[in-house]
Amino acid sequence: MNPLRKLHLKTFGCQMNVYDSQRIADVLAQSHGLEVTADPAEADVLLLNTCSIREKAQEKVFSELGAWWHDYKRHRPELVIGVGGCVASQEGERLRERAPYVDLVFGPQTIHRLPQLLNQAQGRRAAVDVSFPEIEKFDRLPLPRARGPAAFVSVMEGCSKYCSFCVVPYTRGEEFSRPLLDVLTEVAVHAEQGSREVTLLGQNVNAYLGATPRGGTADLAELIRQVAQIDAIARIRFTTSHPVEFTDRLSDTYAEVPKLAAHLHLPVQSGSDRILRAMKRGHTVAEYLAKIGRVRQARPGISLTTDIIVGFPGETEEDFAATLALVEAAGFDEAYSFVYSARPGTPAAALADDTPSEVKKERLGRLQTLVANRSQAFVERLVGSVQRVLVEGPAKRGQGRMQGRISHNRVVNFAADEQLAGQMVDVKINAVSVHTLRGELVASRHAA
Ligand code: SAH
Ligand code: F3S
(Lines give C-alpha, C1' and ligand atoms only; values in the text may rest on other atoms or scores of the structure.)
(Ligands and ions follow the chains in the order given, each with its own letter.)
Protein backbone atom coordinates (compact mmCIF):
# COMPACT_ATOMS: atom_id res chain seq x y z
CA MET A 1 0.00 0.00 0.00
CA ASN A 2 1.21 3.46 -0.81
CA PRO A 3 1.71 5.73 2.17
CA LEU A 4 -0.99 8.35 2.53
CA ARG A 5 0.23 11.81 3.31
CA LYS A 6 -2.31 14.45 2.45
CA LEU A 7 -6.05 14.89 2.84
CA HIS A 8 -8.24 17.28 0.90
CA LEU A 9 -11.67 17.84 2.42
CA LYS A 10 -14.47 19.73 0.76
CA THR A 11 -17.61 20.55 2.75
CA PHE A 12 -21.11 21.43 1.57
CA GLY A 13 -24.08 22.30 3.77
CA CYS A 14 -24.74 23.21 7.36
CA GLN A 15 -22.51 23.98 10.34
CA MET A 16 -22.95 20.41 11.56
CA ASN A 17 -21.11 19.34 8.42
CA VAL A 18 -18.40 21.93 8.99
CA TYR A 19 -17.97 20.52 12.50
CA ASP A 20 -17.94 16.92 11.24
CA SER A 21 -15.26 17.83 8.70
CA GLN A 22 -13.05 19.16 11.48
CA ARG A 23 -13.49 15.91 13.36
CA ILE A 24 -12.72 13.92 10.19
CA ALA A 25 -9.45 15.82 9.86
CA ASP A 26 -8.69 15.14 13.55
CA VAL A 27 -9.40 11.42 13.36
CA LEU A 28 -7.37 10.86 10.19
CA ALA A 29 -4.46 12.93 11.49
CA GLN A 30 -4.35 10.61 14.48
CA SER A 31 -4.82 7.30 12.66
CA HIS A 32 -2.93 7.86 9.39
CA GLY A 33 -0.90 11.01 10.03
CA LEU A 34 -2.84 12.72 7.24
CA GLU A 35 -2.18 16.41 6.85
CA VAL A 36 -4.92 18.65 5.46
CA THR A 37 -4.21 20.40 2.15
CA ALA A 38 -6.30 23.02 0.40
CA ASP A 39 -4.98 21.81 -2.96
CA PRO A 40 -6.76 18.70 -4.23
CA ALA A 41 -3.94 18.08 -6.75
CA GLU A 42 -1.50 17.14 -4.00
CA ALA A 43 -3.89 15.01 -1.92
CA ASP A 44 -3.78 11.22 -1.55
CA VAL A 45 -7.25 11.14 -0.02
CA LEU A 46 -10.09 13.32 -1.33
CA LEU A 47 -13.19 13.51 0.84
CA LEU A 48 -16.46 15.26 0.07
CA ASN A 49 -18.79 15.99 2.99
CA THR A 50 -22.19 16.36 1.36
CA CYS A 51 -25.61 17.96 1.83
CA SER A 52 -28.98 16.78 0.53
CA ILE A 53 -31.32 19.38 2.03
CA ARG A 54 -32.35 20.63 -1.42
CA GLU A 55 -31.99 19.05 -4.85
CA LYS A 56 -29.42 21.60 -6.00
CA ALA A 57 -27.07 20.75 -3.14
CA GLN A 58 -27.33 17.08 -4.02
CA GLU A 59 -26.58 17.64 -7.71
CA LYS A 60 -23.45 19.61 -6.83
CA VAL A 61 -22.06 16.43 -5.27
CA PHE A 62 -22.01 14.47 -8.50
CA SER A 63 -20.48 17.28 -10.53
CA GLU A 64 -17.71 17.69 -7.94
CA LEU A 65 -17.04 13.95 -7.85
CA GLY A 66 -16.94 13.81 -11.64
CA ALA A 67 -14.36 16.58 -11.66
CA TRP A 68 -12.21 14.76 -9.08
CA TRP A 69 -12.32 11.63 -11.22
CA HIS A 70 -11.46 13.52 -14.38
CA ASP A 71 -8.74 15.74 -12.97
CA TYR A 72 -7.01 13.40 -10.51
CA LYS A 73 -8.13 9.82 -10.07
CA ARG A 74 -8.04 8.99 -13.78
CA HIS A 75 -4.29 9.67 -13.68
CA ARG A 76 -3.62 8.28 -10.18
CA PRO A 77 -5.86 5.26 -9.52
CA GLU A 78 -4.32 4.70 -6.07
CA LEU A 79 -5.92 7.94 -4.91
CA VAL A 80 -8.82 7.38 -2.46
CA ILE A 81 -12.08 9.24 -3.11
CA GLY A 82 -14.60 9.20 -0.26
CA VAL A 83 -18.08 10.64 0.25
CA GLY A 84 -19.61 11.43 3.63
CA GLY A 85 -22.55 13.43 4.94
CA CYS A 86 -26.23 13.35 4.05
CA VAL A 87 -26.03 12.31 0.38
CA ALA A 88 -23.82 9.38 1.41
CA SER A 89 -26.28 8.50 4.16
CA GLN A 90 -29.24 8.61 1.81
CA GLU A 91 -27.65 6.81 -1.14
CA GLY A 92 -25.31 4.32 0.58
CA GLU A 93 -24.22 1.61 -1.92
CA ARG A 94 -26.28 3.27 -4.67
CA LEU A 95 -23.86 6.16 -4.74
CA ARG A 96 -21.28 3.87 -6.31
CA GLU A 97 -23.66 2.96 -9.12
CA ARG A 98 -23.67 6.56 -10.23
CA ALA A 99 -20.01 7.23 -9.33
CA PRO A 100 -18.21 3.85 -9.42
CA TYR A 101 -14.80 5.43 -8.83
CA VAL A 102 -15.82 6.30 -5.24
CA ASP A 103 -13.88 4.03 -2.85
CA LEU A 104 -15.40 5.01 0.43
CA VAL A 105 -18.89 5.97 1.62
CA PHE A 106 -19.54 7.00 5.23
CA GLY A 107 -22.42 8.68 7.03
CA PRO A 108 -22.59 11.52 9.57
CA GLN A 109 -22.61 8.96 12.41
CA THR A 110 -19.70 6.78 11.22
CA ILE A 111 -16.82 9.23 10.95
CA HIS A 112 -15.08 7.54 13.90
CA ARG A 113 -14.88 4.37 11.77
CA LEU A 114 -13.01 6.17 8.99
CA PRO A 115 -9.58 4.76 9.89
CA GLN A 116 -10.71 1.15 9.25
CA LEU A 117 -12.81 2.18 6.25
CA LEU A 118 -9.80 3.94 4.77
CA ASN A 119 -7.61 0.84 5.23
CA GLN A 120 -10.26 -1.23 3.53
CA ALA A 121 -10.57 1.22 0.63
CA GLN A 122 -6.80 1.24 0.20
CA GLY A 123 -6.91 -2.53 -0.09
CA ARG A 124 -9.02 -1.91 -3.21
CA ARG A 125 -12.24 -3.04 -1.57
CA ALA A 126 -14.93 -0.42 -1.61
CA ALA A 127 -15.89 0.49 1.97
CA VAL A 128 -19.44 1.54 2.79
CA ASP A 129 -20.79 2.28 6.28
CA VAL A 130 -23.72 4.63 6.70
CA SER A 131 -25.23 3.10 9.84
CA PHE A 132 -26.35 5.05 12.92
CA PRO A 133 -24.38 3.69 15.88
CA GLU A 134 -25.35 6.86 17.76
CA ILE A 135 -23.27 8.04 20.68
CA GLU A 136 -20.39 5.74 19.73
CA LYS A 137 -19.22 8.45 17.32
CA PHE A 138 -18.19 10.77 20.12
CA ASP A 139 -16.77 8.06 22.36
CA ARG A 140 -14.32 7.07 19.67
CA LEU A 141 -13.12 10.44 18.41
CA PRO A 142 -9.92 12.11 19.55
CA LEU A 143 -10.24 15.43 21.38
CA PRO A 144 -10.36 18.36 18.97
CA ARG A 145 -7.33 20.37 17.92
CA ALA A 146 -7.14 24.16 18.10
CA ARG A 147 -9.22 25.83 15.41
CA GLY A 148 -8.94 29.49 16.25
CA PRO A 149 -10.87 31.96 18.40
CA ALA A 150 -14.38 30.75 17.55
CA ALA A 151 -15.01 27.04 18.14
CA PHE A 152 -17.94 24.80 17.24
CA VAL A 153 -19.05 21.96 19.45
CA SER A 154 -21.76 19.48 18.51
CA VAL A 155 -23.99 18.84 21.52
CA MET A 156 -26.71 16.77 19.95
CA GLU A 157 -27.10 14.92 16.69
CA GLY A 158 -29.96 14.05 14.41
CA CYS A 159 -33.54 15.24 14.47
CA SER A 160 -36.80 13.56 15.50
CA LYS A 161 -39.14 16.33 14.40
CA TYR A 162 -39.95 14.93 10.96
CA CYS A 163 -41.14 18.18 9.39
CA SER A 164 -42.94 16.94 6.30
CA PHE A 165 -40.50 18.55 3.82
CA CYS A 166 -37.19 17.64 5.45
CA VAL A 167 -34.66 14.82 4.86
CA VAL A 168 -32.58 15.40 7.97
CA PRO A 169 -34.28 12.81 10.25
CA TYR A 170 -33.65 10.19 7.56
CA THR A 171 -30.05 11.14 6.77
CA ARG A 172 -28.75 11.97 10.24
CA GLY A 173 -30.97 9.71 12.33
CA GLU A 174 -33.03 10.35 15.45
CA GLU A 175 -32.04 12.88 18.08
CA PHE A 176 -29.49 11.94 20.68
CA SER A 177 -27.63 14.20 23.08
CA ARG A 178 -24.06 13.98 24.28
CA PRO A 179 -23.56 13.73 28.03
CA LEU A 180 -23.12 17.09 29.75
CA LEU A 181 -19.55 16.42 30.90
CA ASP A 182 -18.42 15.35 27.41
CA VAL A 183 -19.63 18.65 25.97
CA LEU A 184 -18.08 20.69 28.79
CA THR A 185 -14.77 18.85 28.37
CA GLU A 186 -14.72 19.59 24.67
CA VAL A 187 -15.48 23.27 25.29
CA ALA A 188 -12.73 23.40 27.94
CA VAL A 189 -10.22 21.86 25.50
CA HIS A 190 -11.02 24.59 22.97
CA ALA A 191 -10.75 27.24 25.68
CA GLU A 192 -7.33 25.96 26.73
CA GLN A 193 -6.22 26.16 23.14
CA GLY A 194 -7.25 29.80 22.89
CA SER A 195 -10.89 29.82 21.76
CA ARG A 196 -12.93 32.64 23.27
CA GLU A 197 -16.28 31.88 21.71
CA VAL A 198 -18.19 28.65 21.34
CA THR A 199 -21.19 27.79 19.18
CA LEU A 200 -23.20 24.85 20.51
CA LEU A 201 -24.47 22.90 17.53
CA GLY A 202 -27.35 20.59 16.76
CA GLN A 203 -29.98 20.20 14.04
CA ASN A 204 -32.47 20.80 16.80
CA VAL A 205 -30.12 22.08 19.46
CA ASN A 206 -32.74 23.18 21.98
CA ALA A 207 -33.98 19.59 22.24
CA TYR A 208 -30.67 18.95 24.04
CA LEU A 209 -31.10 16.72 27.07
CA GLY A 210 -27.73 15.44 28.19
CA ALA A 211 -27.03 12.95 30.94
CA THR A 212 -25.41 14.43 34.05
CA PRO A 213 -22.91 12.57 36.27
CA ARG A 214 -25.53 12.26 39.02
CA GLY A 215 -27.95 10.39 36.82
CA GLY A 216 -30.13 13.38 35.91
CA THR A 217 -30.44 15.34 32.70
CA ALA A 218 -29.44 18.87 31.71
CA ASP A 219 -31.33 20.93 29.12
CA LEU A 220 -29.80 23.53 26.81
CA ALA A 221 -30.46 26.35 29.31
CA GLU A 222 -28.47 24.43 31.94
CA LEU A 223 -25.70 23.61 29.46
CA ILE A 224 -25.36 27.29 28.53
CA ARG A 225 -25.13 28.25 32.20
CA GLN A 226 -22.39 25.69 32.76
CA VAL A 227 -20.43 26.71 29.67
CA ALA A 228 -20.62 30.30 30.91
CA GLN A 229 -18.72 29.17 34.04
CA ILE A 230 -15.63 28.49 31.90
CA ASP A 231 -13.73 31.74 32.39
CA ALA A 232 -11.90 31.85 29.07
CA ILE A 233 -15.14 31.55 27.12
CA ALA A 234 -16.41 35.09 26.61
CA ARG A 235 -19.25 34.45 24.21
CA ILE A 236 -21.73 31.63 23.63
CA ARG A 237 -23.95 30.96 20.63
CA PHE A 238 -26.24 28.06 19.74
CA THR A 239 -27.86 26.92 16.52
CA THR A 240 -30.30 25.73 15.14
CA SER A 241 -33.36 25.91 17.32
CA HIS A 242 -36.90 24.70 16.76
CA PRO A 243 -39.75 26.90 18.05
CA VAL A 244 -41.63 24.07 19.81
CA GLU A 245 -38.80 23.24 22.18
CA PHE A 246 -37.91 26.88 22.73
CA THR A 247 -38.77 26.89 26.42
CA ASP A 248 -39.31 29.83 28.76
CA ARG A 249 -36.23 28.62 30.63
CA LEU A 250 -34.20 29.09 27.47
CA SER A 251 -35.66 32.57 26.83
CA ASP A 252 -34.82 33.55 30.38
CA THR A 253 -31.22 32.47 29.84
CA TYR A 254 -30.84 35.58 27.68
CA ALA A 255 -31.50 37.68 30.77
CA GLU A 256 -29.40 35.59 33.12
CA VAL A 257 -26.29 34.82 31.07
CA PRO A 258 -24.62 37.96 29.68
CA LYS A 259 -22.12 35.80 27.77
CA LEU A 260 -24.96 34.53 25.58
CA ALA A 261 -24.72 36.47 22.30
CA ALA A 262 -27.49 38.94 21.41
CA HIS A 263 -28.68 36.89 18.47
CA LEU A 264 -31.23 34.14 17.94
CA HIS A 265 -31.74 32.15 14.76
CA LEU A 266 -35.19 30.60 15.01
CA PRO A 267 -36.49 29.05 11.77
CA VAL A 268 -40.19 29.71 11.22
CA GLN A 269 -40.59 28.42 7.60
CA SER A 270 -43.97 30.07 6.94
CA GLY A 271 -46.30 32.76 8.25
CA SER A 272 -49.46 30.79 7.46
CA ASP A 273 -50.98 28.50 10.09
CA ARG A 274 -52.41 26.29 7.36
CA ILE A 275 -48.98 25.76 5.80
CA LEU A 276 -47.28 25.35 9.19
CA ARG A 277 -49.73 22.53 9.88
CA ALA A 278 -49.03 20.88 6.53
CA MET A 279 -45.32 21.19 7.27
CA LYS A 280 -45.89 19.48 10.64
CA ARG A 281 -44.03 22.23 12.46
CA GLY A 282 -46.18 21.78 15.56
CA HIS A 283 -46.91 25.44 16.34
CA THR A 284 -48.95 28.41 15.13
CA VAL A 285 -47.85 31.88 14.10
CA ALA A 286 -49.25 33.33 17.34
CA GLU A 287 -47.27 30.84 19.44
CA TYR A 288 -44.11 31.73 17.54
CA LEU A 289 -44.67 35.45 18.12
CA ALA A 290 -45.28 34.84 21.83
CA LYS A 291 -41.97 32.97 22.14
CA ILE A 292 -39.92 35.67 20.47
CA GLY A 293 -41.77 38.30 22.51
CA ARG A 294 -40.44 36.66 25.66
CA VAL A 295 -36.91 36.52 24.22
CA ARG A 296 -37.02 40.22 23.35
CA GLN A 297 -38.15 40.99 26.87
CA ALA A 298 -35.27 38.99 28.31
CA ARG A 299 -32.75 40.65 26.00
CA PRO A 300 -33.86 44.00 24.57
CA GLY A 301 -32.14 44.77 21.28
CA ILE A 302 -31.53 41.11 20.38
CA SER A 303 -31.22 40.37 16.67
CA LEU A 304 -33.59 37.73 15.32
CA THR A 305 -33.03 35.76 12.13
CA THR A 306 -34.96 32.93 10.53
CA ASP A 307 -35.35 30.42 7.67
CA ILE A 308 -38.33 30.52 5.31
CA ILE A 309 -39.54 28.11 2.66
CA VAL A 310 -41.48 29.59 -0.26
CA GLY A 311 -43.85 27.56 -2.42
CA PHE A 312 -44.59 24.61 -0.16
CA PRO A 313 -47.21 22.42 -1.91
CA GLY A 314 -50.59 24.17 -1.80
CA GLU A 315 -49.22 27.57 -0.73
CA THR A 316 -51.63 30.23 -1.99
CA GLU A 317 -51.00 33.92 -2.55
CA GLU A 318 -52.84 34.50 0.72
CA ASP A 319 -50.54 32.11 2.62
CA PHE A 320 -47.55 33.84 1.12
CA ALA A 321 -48.88 37.27 2.06
CA ALA A 322 -49.10 35.97 5.64
CA THR A 323 -45.40 35.09 5.47
CA LEU A 324 -44.52 38.61 4.33
CA ALA A 325 -46.64 39.99 7.17
CA LEU A 326 -44.86 37.77 9.68
CA VAL A 327 -41.43 39.01 8.55
CA GLU A 328 -42.57 42.50 9.56
CA ALA A 329 -44.42 41.46 12.71
CA ALA A 330 -41.54 39.36 14.02
CA GLY A 331 -39.02 42.05 13.08
CA PHE A 332 -36.47 39.70 11.53
CA ASP A 333 -33.12 41.31 10.76
CA GLU A 334 -32.20 38.59 8.29
CA ALA A 335 -33.86 35.54 6.76
CA TYR A 336 -32.51 32.69 4.68
CA SER A 337 -35.19 31.82 2.17
CA PHE A 338 -35.49 28.94 -0.24
CA VAL A 339 -37.93 27.70 -2.84
CA TYR A 340 -39.39 24.40 -1.65
CA SER A 341 -37.56 21.41 -3.05
CA ALA A 342 -39.32 18.03 -2.99
CA ARG A 343 -37.06 15.48 -1.31
CA PRO A 344 -37.54 11.80 -2.12
CA GLY A 345 -38.86 9.81 0.81
CA THR A 346 -40.37 12.77 2.70
CA PRO A 347 -44.18 12.97 3.20
CA ALA A 348 -44.45 16.35 1.45
CA ALA A 349 -42.97 14.88 -1.73
CA ALA A 350 -46.25 12.98 -2.21
CA LEU A 351 -48.41 16.13 -2.02
CA ALA A 352 -49.93 17.65 -5.12
CA ASP A 353 -47.99 20.78 -6.01
CA ASP A 354 -49.68 22.87 -8.66
CA THR A 355 -48.02 26.23 -8.10
CA PRO A 356 -45.93 26.96 -11.22
CA SER A 357 -42.23 27.38 -10.55
CA GLU A 358 -42.26 30.94 -12.01
CA VAL A 359 -44.83 31.91 -9.38
CA LYS A 360 -42.63 30.44 -6.63
CA LYS A 361 -39.60 32.29 -7.92
CA GLU A 362 -41.53 35.52 -8.11
CA ARG A 363 -42.65 35.07 -4.49
CA LEU A 364 -39.09 34.33 -3.43
CA GLY A 365 -37.99 37.55 -5.13
CA ARG A 366 -40.58 39.60 -3.25
CA LEU A 367 -39.63 38.03 0.06
CA GLN A 368 -35.93 38.57 -0.54
CA THR A 369 -36.47 42.24 -1.39
CA LEU A 370 -38.36 42.76 1.85
CA VAL A 371 -35.69 40.91 3.84
CA ALA A 372 -32.84 42.81 2.15
CA ASN A 373 -34.47 46.11 3.10
CA ARG A 374 -34.89 45.01 6.70
CA SER A 375 -31.32 43.75 6.83
CA GLN A 376 -30.02 47.04 5.44
CA ALA A 377 -32.07 49.02 7.96
CA PHE A 378 -30.68 46.88 10.77
CA VAL A 379 -27.02 47.47 9.87
CA GLU A 380 -27.65 51.17 9.31
CA ARG A 381 -28.91 51.42 12.86
CA LEU A 382 -25.55 50.10 14.02
CA VAL A 383 -23.59 52.98 12.47
CA GLY A 384 -22.03 55.11 15.18
CA SER A 385 -22.38 52.42 17.86
CA VAL A 386 -19.50 50.69 19.62
CA GLN A 387 -19.65 46.90 19.49
CA ARG A 388 -17.71 44.14 21.24
CA VAL A 389 -15.94 42.06 18.66
CA LEU A 390 -14.03 38.82 18.93
CA VAL A 391 -11.15 39.24 16.48
CA GLU A 392 -11.16 36.08 14.40
CA GLY A 393 -8.46 36.70 11.78
CA PRO A 394 -7.40 38.72 8.73
CA ALA A 395 -10.25 40.30 6.77
CA LYS A 396 -11.07 38.69 3.43
CA ARG A 397 -10.27 41.93 1.65
CA GLY A 398 -7.97 44.78 2.50
CA GLN A 399 -4.42 44.56 3.80
CA GLY A 400 -3.81 45.35 7.44
CA ARG A 401 -7.46 44.72 8.26
CA MET A 402 -8.85 42.14 10.63
CA GLN A 403 -12.36 40.79 10.98
CA GLY A 404 -14.62 39.42 13.65
CA ARG A 405 -18.28 39.20 14.60
CA ILE A 406 -20.30 41.49 16.79
CA SER A 407 -22.62 40.00 19.38
CA HIS A 408 -25.51 40.21 16.85
CA ASN A 409 -23.54 37.83 14.59
CA ARG A 410 -22.62 40.29 11.83
CA VAL A 411 -19.11 40.40 10.45
CA VAL A 412 -17.18 43.66 10.79
CA ASN A 413 -13.72 44.53 9.50
CA PHE A 414 -11.35 47.16 10.81
CA ALA A 415 -7.69 48.18 10.68
CA ALA A 416 -5.81 46.21 13.34
CA ASP A 417 -2.67 44.30 14.10
CA GLU A 418 -2.73 40.55 13.42
CA GLN A 419 -1.68 39.97 17.01
CA LEU A 420 -5.14 40.98 18.16
CA ALA A 421 -6.55 37.71 16.82
CA GLY A 422 -8.36 35.88 19.58
CA GLN A 423 -9.04 38.98 21.65
CA MET A 424 -12.23 40.82 22.47
CA VAL A 425 -12.01 44.42 21.32
CA ASP A 426 -14.35 47.39 20.99
CA VAL A 427 -15.05 48.54 17.47
CA LYS A 428 -16.94 51.65 16.42
CA ILE A 429 -19.09 50.92 13.38
CA ASN A 430 -18.68 53.67 10.81
CA ALA A 431 -19.86 52.35 7.46
CA VAL A 432 -22.04 49.62 6.08
CA SER A 433 -22.42 48.10 2.66
CA VAL A 434 -24.61 45.21 1.59
CA HIS A 435 -23.12 42.48 3.72
CA THR A 436 -20.15 44.06 5.45
CA LEU A 437 -19.70 46.42 8.29
CA ARG A 438 -16.58 48.55 8.50
CA GLY A 439 -15.36 50.00 11.73
CA GLU A 440 -12.43 51.29 13.69
CA LEU A 441 -10.77 49.99 16.79
CA VAL A 442 -11.75 51.93 19.89
CA ALA A 443 -9.87 50.02 22.53
CA SER A 444 -8.60 46.52 23.07
CA ARG A 445 -8.83 44.61 26.28
CA HIS A 446 -7.59 41.22 27.29
CA ALA A 447 -10.38 40.34 29.60
CA ALA A 448 -13.97 39.73 28.54
N1 SAH B 1 -33.18 22.24 12.15
C2 SAH B 1 -33.60 23.37 11.43
C3 SAH B 1 -33.49 23.26 9.95
C4 SAH B 1 -32.42 22.50 9.23
S5 SAH B 1 -32.47 22.58 7.48
C6 SAH B 1 -35.06 23.76 11.83
O7 SAH B 1 -35.46 23.66 12.93
O8 SAH B 1 -35.83 24.25 10.99
C9 SAH B 1 -32.12 24.30 7.14
C10 SAH B 1 -33.20 24.98 6.39
O11 SAH B 1 -33.33 24.46 5.08
C12 SAH B 1 -34.59 24.81 6.99
O13 SAH B 1 -34.80 25.67 8.06
C14 SAH B 1 -35.49 25.07 5.83
O15 SAH B 1 -35.82 26.43 5.74
C16 SAH B 1 -34.65 24.67 4.63
N17 SAH B 1 -35.15 23.41 4.04
C18 SAH B 1 -35.20 22.19 4.62
N19 SAH B 1 -35.76 21.29 3.78
C20 SAH B 1 -36.08 21.97 2.66
C21 SAH B 1 -36.72 21.60 1.44
N22 SAH B 1 -37.14 20.36 1.21
N23 SAH B 1 -36.88 22.57 0.49
C24 SAH B 1 -36.47 23.83 0.72
N25 SAH B 1 -35.88 24.24 1.85
C26 SAH B 1 -35.68 23.32 2.81
FE1 F3S C 1 -35.58 19.29 9.41
FE2 F3S C 1 -37.61 20.06 10.87
FE3 F3S C 1 -35.64 18.68 11.97
S4 F3S C 1 -36.58 21.26 9.33
S5 F3S C 1 -33.86 19.26 10.78
S6 F3S C 1 -37.05 17.93 10.45
S7 F3S C 1 -36.74 20.40 12.87
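Each ligand, and each atom within it, is numbered from 1 in the order the structure gives. Start at 1 with the first residue, then count along the sequence. All values reported here derive from a predicted model rather than from experimental measurement.
Between T239 and T199 there is a side-chain heavy-atom pair separated by less than 4.5 Å.
Residue K161 approaches ligand 2 through these ligand atoms, each under 4.0 Å from one of its heavy atoms: 3 (Fe), 7 (S). Residue contact check: P169 has heavy atoms under 4.0 Å from atoms 6 (S) of ligand 2. Interface atoms of ligand 2 facing V168, defined by a heavy-atom separation under 4.0 Å, are 5 (S). For ligand 1, the atoms lying closer than 4.0 Å to a non-hydrogen atom of Y340 are 23 (N), 24 (C). The Q203 neighbourhood of ligand 1 comprises atoms 1 (N), 2 (C), 4 (C), with distances under 4.0 Å to a heavy atom of that residue. Residue F338 approaches ligand 1 through these ligand atoms, each under 4.0 Å from one of its heavy atoms: 11 (O), 15 (O), 16 (C), 25 (N).
The shortest separation from a heavy atom of P243 to ligand 1 is not under 4.0 Å, leaving the residue out of contact. A heavy-atom separation below 4.0 Å is found between I53 and ligand 1. Using a 4.0 Å cutoff on heavy atoms, N204 does not count as a contact of ligand 1.
When only interatomic distances are considered, the shortest N/O to N/O separation between D307 and ligand 1 falls below 3.5 Å.
If you look at Q269 next to ligand 1, the close heavy atoms, those under 4.0 Å, all belong to the side chain. Residue-level proximity to ligand 1 for S341 is carried by backbone and side chain together, each with a heavy atom below 4.0 angstrom.
The pair R274-E318 does not count as a salt bridge, with every side-chain nitrogen at least 4.0 angstrom from each carboxylate oxygen.
Shown here, atom 3 (C) of ligand 1 is out of close reach of the protein: none of its heavy atoms lies under 4.0 Å off.
Note: F378 and H408 meet the aromatic proximity criterion, with ring centroids under 6.0 Å apart.
Atom 3 (Fe) of ligand 2 has no N, O or S atom of C166 closer than 2.8 Å.
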